[in-house]
Amino acid sequence: MLLTERLSLRPFRVADAPVLSAYRSDPEVARYQGWDAPFPMEAALRVVAGLEGRDPRAEGWFQYALELTDGGALIGDVGVNRHDEGRQAEIGFTLAPAYQGRGYAAEAVGRVVGHLLAEEGLHRVHASVDARNERSARLLERLGFRREGLEVQSQWWKGEWTDDARYAVLASEWSRS
Ligand SMILES: CC(C)(COP(=O)(O)OP(=O)(O)OC[C@H]1O[C@@H](n2cnc3c(N)ncnc32)[C@H](O)[C@@H]1OP(=O)(O)O)[C@@H](O)C(=O)NCCC(=O)NCCS
């Protein structure tokens with residue numbers, strides 16, 4: 001469990017599946033993500049079941065559920081994919097629409113990245129976003145990620161070729177920020 005001023009970042013539970021299904025079913029939320037809307041309850045249950053008992057320090061994807069300290073609502077998630085024998089991690093993030101534009105994503109992603117680089121000793125954290133996904137790019141740049149490049153039409157995504165923007169931050173850069 002990781003804490004921020006307004007959030008608890010905790011493992012997913014089976015009881016979270018209806019809320020996960022609801023926010024993943026929003027077409028705007030799904031637009032640049034690896035799933036299609038609607039995202040049915042059965043699919044949400046499969047995601048939650050697949051995460052059950054996972055060790056956040058193990059290689060592969062772990063998903064933090066973002067819970068408001070005030071009231072306990074589940075508002076989104078931050079995914080972490082540790083790789084390179086635990087030296088690096090890729091991140092992804094999603095907020096339910098009703099909770100966007102309030103700084104919650106920056107608060108949660110900042111906490112996770114700080115945990116990985118400053119507490120867990122990883123060397124580098126990176127993210128890959130659809131170049132049209134301006135809110136994600138703004139979030140990463142605000143947190144101090146460097147834009148490392150643009151892979152032009154490198155992804156066949158939902159019926160079209162899309163550009164992939166690459167972002168990263170090193171532990172040495174994070175400790176200076
Ligand atoms: C990407 C995503 C998580 C960003 O969410 P977000 O709420 O815009 O991100 P932040 O937490 O950084 O919030 C920033 C906004 O909150 C505002 N804000 C309000 N109160 C704030 C506070 N207390 N602290 C910080 N910012 C605050 C900021 O001014 C900013 O507004 P702006 O974008 O109009 O400039 C969200 O758009 C999303 O879930 N998108 C769909 C899923 C997706 O595409 N994920 C990325 C896949 S890689």
Side-chain angles (χ1 to χ4, degrees), residues 2-10 12 16-40 43-44 47-48 51 60-71 73-83 88-116 124-169 174 177:
L2 301 176
L3 299 175
T4 70
E5 197 183 326
R6 297 178 292 173
L7 300 168
S8 298
L9 281 59
R10 58 157 179 83
F12 269 90
D16 296 324
V19 178
L20 179 67
S21 162
Y23 67 73
R24 282 196 169 193
S25 291
D26 185 297
E28 277 306 304
V29 168
R31 185 164 175 212
Y32 302 121
Q33 298 274 28
W35 66 83
D36 290 315
F39 192 77
V47 169
V48 174
L51 291 168
W61 282 102
F62 180 84
Q63 203 95 348
Y64 288 98
L66 311 182
E67 184 180 293
L68 281 186
T69 312
D70 183 7
L74 172 65
I75 66 163
D77 55 79
V78 175
V80 177
N81 178 21
R82 293 194 192 209
H83 63 94
Q88 303 194 55
E90 176 185 5
I91 54 163
F93 33 78
T94 301
L95 278 190
Y99 297 97
Q100 294 182 17
R102 302 198 218 170
Y104 288 129
E107 194 170 312
V109 175
R111 180 70 186 95
V112 169
V113 175
H115 173 67
L116 294 170
R124 178 174 177 267
V125 174
H126 59 103
S128 160
V129 307
D130 186 304
R132 297 165 297 178
N133 194 343
E134 289 174 13
R135 293 191 84 133
S136 290
R138 270 212 300 278
L139 161 64
L140 291 165
E141 283 167 11
R142 206 179 298 127
L143 287 173
F145 279 66
R146 184 170 6 87
R147 184 164 161 136
E148 298 200 314
L150 179 70
E151 293 186 355
V152 177
Q153 294 194 13
S154 62
Q155 311 269 337
W156 178 253
W157 207 241
K158 302 191 178 184
E160 58 182 335
W161 286 108
T162 61
D163 298 349
D164 194 33
R166 299 295 181 124
Y167 288 86
V169 63
W174 188 262
S177 65

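Indexing begins at 1, ligand by ligand and atom by atom, following the structure's order.
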Evaluate [X] for polar contact with ligand 1, using N/O atom pairs at a separation under 3.5 Å.
| X | answer |
| --- | --- |
| E28 | no |
| Y99 | no |
| Y32 | no |
| S128 | no |
| F93 | yes |
| R138 | yes |

Atom of [X], atom of [Y] and distance for their closest heavy-atom approach:
| X | Y | answer |
| --- | --- | --- |
| L116 | A89 | CD1-CB, 4.1 Å |
| T4 | L9 | CG2-CD1, 4.2 Å |
| A73 | Y99 | CB-OH, 3.9 Å |

Would you mind listing which atoms of ligand 1 come within a distance below 4.0 Å of any non-hydrogen atom of [X]?
| X | result |
| --- | --- |
| V129 | 48 (S) |
| V29 | 41 (C), 42 (C) |
| Y104 | 11 (O) |
| N133 | 43 (C), 44 (O), 46 (C) |
| T94 | 39 (O) |
| A105 | 3 (C), 5 (O), 9 (O), 10 (P), 11 (O) |
| R135 | 8 (O), 37 (O) |
| L139 | 12 (O) |

Stepwise, does the side-chain contact (heavy atoms from CB on, under 4.5 Å) test hold for W157 with D164?
CA-CA 10 Å; W157 207 241; D164 194 33; over 6 Å; no
For [atom], which protein heavy atom lies nearest, and how many Å away is it?
| atom | answer |
| --- | --- |
| atom 40 (N) of ligand 1 | Q100 NE2, 3.8 Å |
| atom 12 (O) of ligand 1 | R142 NH1, 2.7 Å |
| atom 22 (C) of ligand 1 | R102 O, 3.4 Å |
| atom 24 (N) of ligand 1 | G103 CA, 3.7 Å |
| atom 39 (O) of ligand 1 | L95 N, 2.8 Å |

For [atom], is the nearest protein heavy atom under 4.0 Å away?
| atom | value |
| --- | --- |
| atom 46 (C) of ligand 1 | yes |
| atom 36 (C) of ligand 1 | yes |
| atom 18 (N) of ligand 1 | yes |

Indicate yes or no for a side-chain donor-acceptor contact from [X] to the backbone of [Y] under 3.5 Å, with no hydrogens or angles considered.
| X | Y | value |
| --- | --- | --- |
| Q100 | L95 | yes |
| D163 | Q153 | yes |
| T69 | L7 | yes |
| E107 | R6 | yes |

Check if G101 has a non-hydrogen atom at a distance under 4.0 Å from any atom of ligand 1.
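Yes, G101 has heavy atoms under 4.0 Å from ligand 1.
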contact_flag S136 ligand 1 heavy-atom lt 4.0 Å:
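Contact check S136 vs ligand 1: positive.
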Taking side chain to side chain donor-acceptor pair (under 3.5 Å) as the test, write out the residues that go with S25, two or more places apart.
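Partners of S25 by the side chain to side chain donor-acceptor pair (under 3.5 Å) criterion come out as none, since no residue qualifies.
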Please enumerate all residues that pass side chain to side chain donor-acceptor pair (under 3.5 Å) together with T94, with sequence neighbours excluded.
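Residues passing side chain to side chain donor-acceptor pair (under 3.5 Å) with T94: Q33.
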Select one of side chain, backbone, both or neither to describe which atoms of E107 lie under 4.0 Å from any atom of ligand 1, heavy atoms only.
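Answer for E107: neither.
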Salt bridge or not for D36 and K158, using N-O below 4.0 Å?
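Salt bridge present between D36 and K158.
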Pair E28 + R135, salt bridge at N-O below 4.0 Å
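Salt bridge absent between E28 and R135.
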pair [X]-[Y]: side-chain heavy atoms closer than 4.5 Å:
| X | Y | value |
| --- | --- | --- |
| V29 | W35 | yes |
| I91 | F145 | yes |
| Y23 | D77 | yes |

Can you figure out which of R132, Q33, R24 has its heavy atom closest to atom 42 (C) of ligand 1?
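Ranked by closest heavy atom to atom 42 (C) of ligand 1, first place is Q33.
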